[in-house]
Amino acid sequence: MNIWIVLLMIVMTLCLYVLASLLYKHVRVSVLIPVLTTTFMIVVILLLTHTSYSTYMAGGEWISKLMGPAVVALAYPLYRQRHLFKQYGLSILGSALIGVVVGMLSGVGMALVLGFSEPYIISIIPKSVTTPVALQISNNLGGEASLTSVFVMIAGFTGVILGLGCLKLFRVKNAISVGIALGISSHALGTAKALEHGEIAVSMGSLALTISAIVSSFIGPLILVAIYH
């Protein structure tokens, strides 16, 4: 692949994200979150220029590789707020575990009700887990990585767009509760959204994201066995 194409795709993505961030800074509407707006603009540009996805990913994959370190970096605010975990550890763990189980069962339940085929049902199981872990879980269970990626994106964007509205509806204002809810339901995107609520919220979102990844690895196979055996 031409190195200039790779650089062009990287620069285009970064520039679009900066523009989307500036827009969101002035227009605080959840549907305009930078990740979603950037994704939409990239899709439009690729369609208008008749550029294939594989061509874009020649550069886009280098940005994707930063996802892992970015998730690890979320451990820093968690470390700074570690005293909260010592104080509310049992409540935090209990809430996160319940959230993981409900998130996985709700996705599978909807898939069964809608009559999804087996590959879709398996692929939707880890929908609320951060992408790198979700793809690994999906592969281990026999799902389709591409389908899982779509379900993870849908869960992430839906949680970020509608999550805060739901929390306000039920008058949930505590930073710890907000962080856990966003981290469990919307993984890394939700944790990033929690930044708007302060360091406590993002640290709890990071913790919830981590718990979700670990617990889902154990619960996923059990759910699969319960469905098909």
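Nothing fancy with the numbering, it's 1 onward along the sequence. Scope of the values below: all heavy atoms of this structure, side chains included, with no hydrogens, waters or symmetry mates.
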- What are the two closest heavy atoms between Val35 and Thr39, and how far apart are they? O-OG1, 2.7 Å

- Does the side chain of Met204 come within less than 4.5 Å of Ile92's, by heavy atoms? yes

- Taking atom NE2 of His26 as the centre, report whether more than 12 heavy atoms of other residues, nucleotides or ligands fall under 6.0 Å from it. no

- Query: Between Ser177 (side chain) and Lys173 (backbone), is there a donor-acceptor pair under 3.5 Å?
  - Reply: no

- Under 3.5 Å donor-acceptor, Ser206 side chain and Val202 backbone: no

- Query: When you look at CG of Leu169, are more than 12 heavy atoms from neighbouring residues, nucleotides or ligands closer to it than 6.0 Å?
  - Reply: yes

- Here the side-chain hydrogen bond (donor to acceptor under 3.5 Å, both in side chains) pairs for residues 140-168, sequence neighbours left out, are Gln136-Asn140, Ser138-Thr148

- Task: With the side chain counted from C-beta on, respond yes when Met104 and Val108 share a heavy-atom pair under 4.5 Å apart, and no when they do not.
- Result: no

- How long is the span from the CG atom in Leu135 to the CG atom in Leu147, to the nearest 0.5 Å? 11.0 Å

- Verify the cluster assignment for Leu167 and Phe170: are they in a single hydrophobic cluster under the rule of side-chain heavy atoms below 4.5 Å apart? yes

- Item | Flag side-chain contact, heavy atom, 4.5 Å: Tyr56 against Ile45 | no

- Note on the structure: Residues Pro34 and Thr38: closest non-hydrogen pair is O-OG1, 2.6 Å

- Message: Once rounded to the nearest 0.5 Å, what's the spacing between atom NZ of Lys127 and atom CD1 of Ile125?
- Response: 11.0 Å

- Interatomic distance, Ile42 atom CD1 to Met12 atom CE [nearest 0.5 angstrom]: 5.0 Å

- Item | Pair listing, side-chain hydrogen bond (donor to acceptor under 3.5 Å, both in side chains) test, anchored in residues 14-24, at least two apart | Tyr24-Lys193, Tyr24-Glu196

- hydrophobic_cluster_shared for Val43 and Val150, side chain cutoff 4.5 Å: no

- Query: Among all residues two or more places apart in sequence or in another chain, which pass the side-chain hydrogen bond (donor to acceptor under 3.5 Å, both in side chains) test with Gln87?
  - Reply: none

- Identify the two heavy atoms, one from Pro221 and one from Ser216, that lie closest to each other, and give their separation to 0.1 Å. CD-O, 4.3 Å

- Message: Just to verify, what does Arg171 make a side-chain contact (heavy atoms from CB on, under 4.5 Å) with, not counting sequence neighbours?
- Response: none

- Does Phe40 have any ring-ring contact (aromatic ring centres under 6.0 Å, His included) partners at least two apart in sequence or in another chain, and if so, which? none

- Task: Could you tell me whether the side chain of Ser203 and the main chain of Ile200 form a donor-acceptor pair under 3.5 Å?
- Result: yes

- Item | Donor-acceptor pair, side chain of Ser52 and main chain of Thr55, under 3.5 angstrom | yes

- Would you check if the side chain of Ser106 reaches a backbone N or O of Gly103 as a donor-acceptor pair within less than 3.5 Å? yes

- Query: Just wondering, do Val133 and His187 contact through their side chains at under 4.5 Å, heavy atoms?
  - Reply: no

- Item | Distance in Å, Thr191 OG1 paired with Leu209 CG, rounded so as to fall on 0.5 Å steps | 4.5 Å

- Item | hydrophobic_cluster_shared for Val172 and Leu182, side chain cutoff 4.5 Å | yes

- Task: Measure the acute angle between the ring planes of Tyr120 and Phe151, then classify it against the limits of 30° and 60° as parallel, tilted or perpendicular.
- Result: perpendicular

- Query: So, for Ala155 and Ser186, which heavy atoms are closest and what is the spacing to 0.1 Å?
  - Reply: O-OG, 3.6 Å

- Got Leu36 and Val160 here, is their nearest side-chain heavy-atom distance under 4.5 Å? no

- Message: Please tell me whether Leu14 and Leu19 are part of a single hydrophobic cluster in this structure, the criterion being side-chain heavy atoms less than 4.5 Å apart.
- Response: no

- Note on the structure: Looking only at heavy atoms, the pair that brings Ser212 and Val100 closest together is CA-CG2, 3.5 Å

- Inter-residue atom distance Met110.CE - Leu114.CG, 0.5 Å rounding: 6.0 Å

- Taking a hydrophobic cluster as the set of Ile, Leu, Val, Met, Phe, Trp and Tyr residues connected by side-chain heavy atoms closer than 4.5 Å, whether directly or through intermediates, do Phe116 and Leu105 fall within one such cluster? yes

- Message: Show the nearest heavy-atom pair for residues Val152 and Val129, with the distance to one decimal.
- Response: CG1-O, 3.7 Å

- Query: Which pairs count as side-chain hydrogen bond (donor to acceptor under 3.5 Å, both in side chains) when at least one residue sits in residues 88-98, sequence neighbours excluded?
  - Reply: none

- Task: Drop me the distance from Ile137's CD1 to Ser123's OG, to the nearest 0.5 angstrom.
- Result: 12.0 Å

